[in-house]
Peer 1: 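Okay, here's the structure, questions in a sec.
Just follow the structure's listing: the first ligand is 1, and inside any ligand the first atom is 1.
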Amino acid sequence: MRRILWALVAVAVAVVAVGTLALRSPRVQDAIVARIARREIGRDMSGLLAPDALRVLLCGTSSPIPSSRRAEACTAVFAGRRMWIVDTGPGSWRTLALRRVRGEAIGAVFYTHLHSDHIGELGEFNLQTWVAGRPGPLRVYGPDGVTDLVHGFAQAYAADTRFRVAHHGAELLPPDRAAMIPIPVLLDGADAARVLDEDGVVVSAFAVAHDPVKPAFGYRFDYGGRSVVVSGDTRPCPNLVKQARGADVLVHEAQENRLVHIMEQAARESGESRVAKILGDIPAYHTTPADSAREAVEAGVRLLVLTHFTPPPDNVLLARIFRREVNEVPPHGLVLGEDGTLIVLPTGSDAVRVTRLDP
Ligand SMILES: [Zn+2]
Ligand SMILES: [Zn+2]
């Protein structure tokens, strides 16, 4: 028995020694890296775009309060073989790039409003999807001001666009496709308006309440009998309940005011009066988890997914506090969203699948 044990130890030591020596060999190093590169670069993510379901991928779930594991506001909807983006918060392109989504499949960007935590990465979304082979200019929908936003980002990235065309050639990177087309969304006093109807995908914008930010929108996507509503930033809002009626999924912003209050106190006691003032201003124009759950139940949605967290619930304790006052939830429950949360709604069915897409 002892002899067998010694033999096993000797084999283990030999394996480790050979492995360590092999890793010093350039040929072995190159072979390992080539294998990983083939696997990563060849990773087929086209399944996200398959027409058999409406899919929702959270690509940014934080608010301006930073989190090491979350980008700021971004929701990707996959429908009709295209990727539709609601908001492009700082860090959100990276979240999608790490998951190797097909950038060239982008259909349009829809802005809920023009706060920096929602718009910061438009330049990267435009540039990277163009480099990936987008077949035309990028359409950018949004409230009043979206035209200035688009022109500003285009100007900021103009030199980079020229450099890339000079480097890789206009055949690979046609300069005209690098353009963005701003499309202002005008409700003209209506509660909601259809802004896109294409390949079976219908997108409607509706007014939400984020004063003094006016107008501010939420968006509803309908495809193949399935639907998802993205709230944007809003305090509790009857029009959101109306527009979300009967939707499968409500992706709603969430602010836990008890935590915001604790942070405000801590800031005041630390002499951080500017931080305390800002934290004191924000409770009035966001929605608590309890209120969003009430609205989700009232609207009759199947699943509530929280996002745009203030503050981000990055540990068990904070996650528990976020659920503390939630009483009633929709039939498929309440999910505290994370970057990479993926919801799949197969067409021609009532199924709601919540899963993850990791890098
Ligand atoms: Zn925001
Ligand atoms: Zn906002």
Side-chain angles (χ1 to χ4, degrees), residues 56 58-77 85-96 109-125 140-146 148-149 152-153 184-185 187 205-219 228-237 239-240 243 250-257 259-260 263-264 274-275 277-289 291-292 295 304-314 318 322 336-339 341:
V56 183
L58 300 188
C59 36
T61 55
S62 183
S63 63
I65 295 180
S67 162
S68 59
R69 54 169 103 153
R70 300 170 192 265
E72 293 175 46
C74 180
T75 305
V77 176
I85 300 292
V86 181
D87 293 333
T88 60
S92 55
W93 175 257
R94 185 170 178 272
T95 307
L96 292 175
V109 173
F110 299 89
Y111 282 116
T112 59
H113 63 299
L114 304 185
H115 265 150
S116 65
D117 54 316
H118 297 252
I119 62 173
E121 216 147 77
L122 176 59
E124 284 304 294
F125 272 80
V140 183
Y141 295 79
D144 187 34
V146 71
D148 286 344
L149 176 79
F153 269 105
V185 171
L187 295 185
F206 58 89
V208 292
H210 193 43
D211 303 47
V213 181
K214 253 176 122 86
F217 301 136
Y219 289 95
V228 58
V229 170
V230 182
S231 72
D233 284 11
T234 182
R235 63 174 186 266
C237 174
N239 192 42
L240 178 124
Q243 305 304 329
L250 173 60
V251 178
H252 202 298
E253 67 125 285
Q255 175 167 283
E256 181 38 74
N257 283 337
L259 292 172
V260 172
M263 291 163 69
E264 182 192 350
R274 297 179 69 85
V275 176
K277 159 77 173 126
I278 290 168
L279 288 168
D281 286 342
I282 59 175
Y285 77 161
H286 288 292
T287 304
T288 64
D291 281 339
S292 62
E295 290 192 326
L304 172 62
V305 179
L306 297 185
T307 186
H308 191 283
F309 291 101
T310 316
D314 286 349
L318 293 179
F322 260 83
L336 298 183
E338 297 173 348
D339 290 23
T341 296

Peer 1: Per the ring-ring contact (aromatic ring centres under 6.0 Å, His included) rule, which among F110, Y219, F217 passes with Y141?
Peer 2: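 The ring-ring contact (aromatic ring centres under 6.0 Å, His included) with Y141 is passed solely by F110 among F110, Y219, F217.
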Peer 1: Have a look at H118 and say which of its N, O or S atoms is nearest the Zn ion (ligand 1).
Peer 2: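 This residue's closest N, O or S atom turns out to be NE2.
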Peer 1: Between the Zn ion (ligand 1) and D117, which N, O or S atom of the residue is the nearest one?
Peer 2: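 Nearest to the Zn ion (ligand 1) within D117's N, O and S set: OD2.
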Peer 1: Would you call R235 and D291 a salt bridge, using N to O less than 4.0 angstrom?
Peer 2: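 No, no charged N to carboxylate O under 4.0 Å.
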Peer 1: In D233, what N, O or S atom is nearest to the Zn ion (ligand 2), if we give its atom name?
Peer 2: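 In D233, the heteroatom (N, O or S) nearest the Zn ion (ligand 2) is OD2.
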Peer 1: If you look at H308, which of its N/O/S atoms is nearest to the Zn ion (ligand 1)?
Peer 2: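 Checking each N, O and S atom of H308, the shortest distance to the Zn ion (ligand 1) belongs to NE2.
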Peer 1: Please tell me if the side chains of E264 and K277 come closer than 4.5 Å, counting only heavy atoms from C-beta onward.
Peer 2: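 Side-chain contact under 4.5 Å: no.
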Peer 1: Is any side-chain heavy atom of F206 less than 4.5 Å from a side-chain heavy atom of C237?
Peer 2: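 No, every pair of side-chain atoms sits at 4.5 Å or beyond.
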Peer 1: With a cut-off of 2.8 Å, does H113 put an N/O/S atom close enough to the Zn ion (ligand 2)?
Peer 2: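 For H113, the answer is yes, given that an N, O or S atom comes within less than 2.8 Å of the Zn ion (ligand 2).
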Peer 1: Under a 4.5 Å cut-off applied to non-hydrogen side-chain atoms, are P215 and L187 in contact?
Peer 2: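 The answer is no, as the side chains (C-beta and beyond) never meet within the 4.5 Å cut-off.
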Peer 1: To make sure I understand the geometry: which N, O or S atom in H115 is closest to the Zn ion (ligand 2)?
Peer 2: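 For H115, the N/O/S atom sitting closest to the Zn ion (ligand 2) is ND1.
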